[in-house]
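First up is the structure itself, then whatever we jot down about it.
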Amino acid sequence: MDRKKTVLVVVAHADDMEFLAGGTVARFIDEKGYDVYEHILTDNSKGSFSLSPEELIEQSAREAVEAAETLGLKEVRLEGYPDGLLNETHPNVLREKIMAFIREVKADIVMSWDPFAPCEDHPDHRTVAMATFEAASFSAMPLYHPEHPDPPHMVTEAYWFAKCPWNAECFVDISSTIDKKLDALLKHETQMALTLEGLRREAEILGADASLFADQTAEGCRRIMEMGVRDFCAKKGAEAGIAAAEQFRYEKLGMLDMLLNTDLIKADF
Ligand SMILES: [Zn+2]
């Protein structure tokens with residue numbers, strides 16, 4: 001019988017996980033029986049064309065919990081650092097927070113933004129990516145934060161996602177979980193409205209038919225997001241000959257398999 005693993009997803013914003021890894025997270029939980037935790041570092045206070053930062057912080061936190069419940073996560077932890085300004089917090093502070101969570105839940109797998117992906121425009125994504133990479137790489141070292149209540153713990157695998165994937169040859173078939181991914185994603189009503197309004201404004205600027213994005217009710221959001229997400233995942237899948245996929249750069253973090261030429265760390269996909 002395969003070993004049951006624990007997964008920690010570390011992101012900058014409330015909807016990052018659902019957009020890029022929601023179907024894979026659902027497979028970890030539903031098929032493998034793994035425990036999955038989510039660490040959201042910012043307060044999501046910049047993602048709206050209509051709400052105030054205060055309204056957004058409160059609503060997005062509620063939506064994150066609802067989305068996590070939809071997927072069946074064990075816990076979602078919000079750190080509340082100001083959105084868009086994560087790089088103003090010292091990288092070692094962020095690394096320590098993530099390392100503490102890794103040790104607390106004994107994470108075998110981390111999932112996050114790819115620290116080395118090109119073309120990443122969002123500073124929060126770049127920042128959380130590197131902090132997660134460092135935290136996962138050094139959480140087994142006892143002289144890093146010996147004050148932590150939980151003992152050092154080794155992370156063995158990482159799934160890195162990106163807007164512009166780099167060396168990302170792991171295509172996870174999410175045909176069986178794409179509906180759940182969409183259900184979770186659509187819990188983020190504030191972010192779906194942001195996406196739709198952004199598209200409407202872009203269409204206006206480019207002289208395209210903006211009426212496609214005019215209906216910003218929950219129904220209107222579902223229709224457009226469903227179309228966009230299914231199309232996006234189908235295009236990813238086409239690269240690997242499957243119907244719907246999420247794409248990752250998969251990395252084994254230990255050295256033993258490389259040294260002994262073994263396969264002790266077993267990838268799930
Ligand atoms: Zn984000």
Side-chain angles (χ1 to χ4, degrees), residues 9 11-31 38 44 47-49 60 63-64 66-68 70-71 111-114 117-122 125 129 159-250 269:
V9 188
V11 289
H13 309 112
D15 59 340
D16 291 351
M17 175 183 74
E18 288 80 356
F19 258 121
L20 288 153
T24 304
V25 164
R27 282 195 65 188
F28 275 142
I29 295 169
D30 296 347
E31 274 177 42
E38 185 184 17
N44 307 290
S48 181
F49 287 107
S60 64
E63 291 164 0
E66 287 175 4
T70 301
L71 290 170
M111 305 179 86
S112 189
W113 289 99
D114 189 337
C119 313
E120 177 51 66
D121 59 336
H122 205 307
H125 296 168
Y159 289 77
W160 306 114
F161 46 78
K163 291 179 198 166
C164 303
W166 164 85
N167 273 5
E169 291 164 3
C170 174
F171 291 88
V172 177
D173 185 344
I174 61 157
S175 308
S176 63
T177 54
I178 192 166
D179 290 343
K180 191 173 264 193
K181 171 189 173 85
L182 272 162
D183 286 345
L185 190 58
L186 287 160
K187 296 291 182 192
H188 296 282
E189 287 182 13
T190 57
Q191 298 314 291
M192 297 309 101
L194 169 76
T195 304
L196 219 60
E197 177 60 12
L199 288 166
R200 194 194 64 75
R201 291 178 184 218
E202 187 180 336
E204 256 182 14
I205 290 164
L206 298 176
D209 180 8
S211 68
L212 187 63
F213 311 108
D215 178 6
Q216 295 186 15
T217 61
E219 267 315 295
C221 283
R222 171 169 274 278
R223 191 168 49 82
I224 296 294
M225 294 312 298
E226 185 151 1
M227 182 181 78
V229 169
R230 286 191 192 281
D231 182 61
F232 180 77
C233 294
K235 282 179 180 148
K236 292 283 175 201
E239 294 183 46
I242 46 185
E246 287 171 343
Q247 184 179 13
F248 304 93
R249 182 169 66 82
Y250 173 77
F269 304 112

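In what follows, every heavy atom counts, from backbone to side chain, and hydrogens, waters and symmetry copies are set aside. Quick caveat: nothing in here was measured; it's all calculated off a predicted structure.
- At least one side-chain heavy atom of Asp183 sits less than 4.5 Å from a side-chain heavy atom of Arg222.
- Distance CZ/Phe19 to NE2/His13: 12.5 Å, rounded to 0.5 Å.
- For Glu202, the side-chain hydrogen bond (donor to acceptor under 3.5 Å, both in side chains) criterion is met by no residue, not counting sequence neighbours.
- Residues Ala117 and Ala162 approach most closely at CB-CB, 3.5 Å, considering heavy atoms.
- Side chains of Glu189 and Glu63 form a contact here, defined as non-hydrogen atoms less than 4.5 Å apart.
- In this structure, Pro165 and Lys163 approach most closely via the heavy-atom pair CD-O, 3.3 Å.
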Mind running side-chain contact (heavy atoms from CB on, under 4.5 Å) on Arg230 and Leu182 for me, showing each step along the way? CA-CA 9 Å; Arg230 286 191 192 281; Leu182 272 162; 3.6 Å; yes
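- Heavy atoms only, all atoms of each residue included: Phe213 and Leu196 are closest at CB-O, 3.8 Å.
- Here CD of Gln247 is found 10.0 Å from CG of Leu20. Values are rounded to the nearest 0.5 Å.
- Between Lys236 and Asp173 no salt bridge is recorded (no basic side-chain N to carboxylate O distance below 4.0 Å).
- The existence of a salt bridge linking Lys181 and Glu246 is confirmed by a sub-4.0 Å separation between a basic side-chain nitrogen and an acidic carboxylate oxygen.
- Expressed to the nearest 0.5 Å, how far CE of Met192 lies from CD of Glu226 amounts to 12.5 Å.
- Tested against Trp113, the residues Phe161, Tyr159, Trp160 include a single ring pair (Phe, Tyr, Trp, His ring centres under 6.0 Å) partner, Phe161.
- Atoms OG1 and CG, from Thr195 and Leu185 in turn, are 8.0 Å apart once rounded to the nearest 0.5 Å.
- Comment: Asp231 engages Lys235 in a salt bridge, judged by a side-chain N to carboxylate O separation of less than 4.0 angstrom.
- Heavy atoms only, all atoms of each residue included: Ala14 and Ser60 are closest at CB-O, 4.1 Å.
- Heavy-atom minimum distance, Cys233 versus Ile178: CB-CD1, 3.8 Å.
- With rounding to the nearest 0.5 Å, the separation of OG in Ser211 from CD in Glu204 is 11.0 Å.
- Between Ala184 and Leu71, the closest heavy-atom pair is CB-CG, 3.7 Å.
- The shortest side-chain heavy-atom distance between Glu18 and Thr70 does not fall under the 4.5 Å cut-off.
- By the 4.5 Å heavy-atom criterion applied to side chains, His125 and Asp16 are counted as neighbours.
- Note that the CD atom of Glu169 and the CD atom of Glu239 stand 11.0 Å from one another [nearest 0.5 Å].
- A salt bridge is absent between Arg200 and Asp215: the closest approach of a Lys/Arg side-chain nitrogen to an acidic carboxylate oxygen does not fall below 4.0 angstrom.
- Put simply, the side chain of Glu197 never gets that close to the backbone of Phe49: no donor and acceptor are under 3.5 Å apart.
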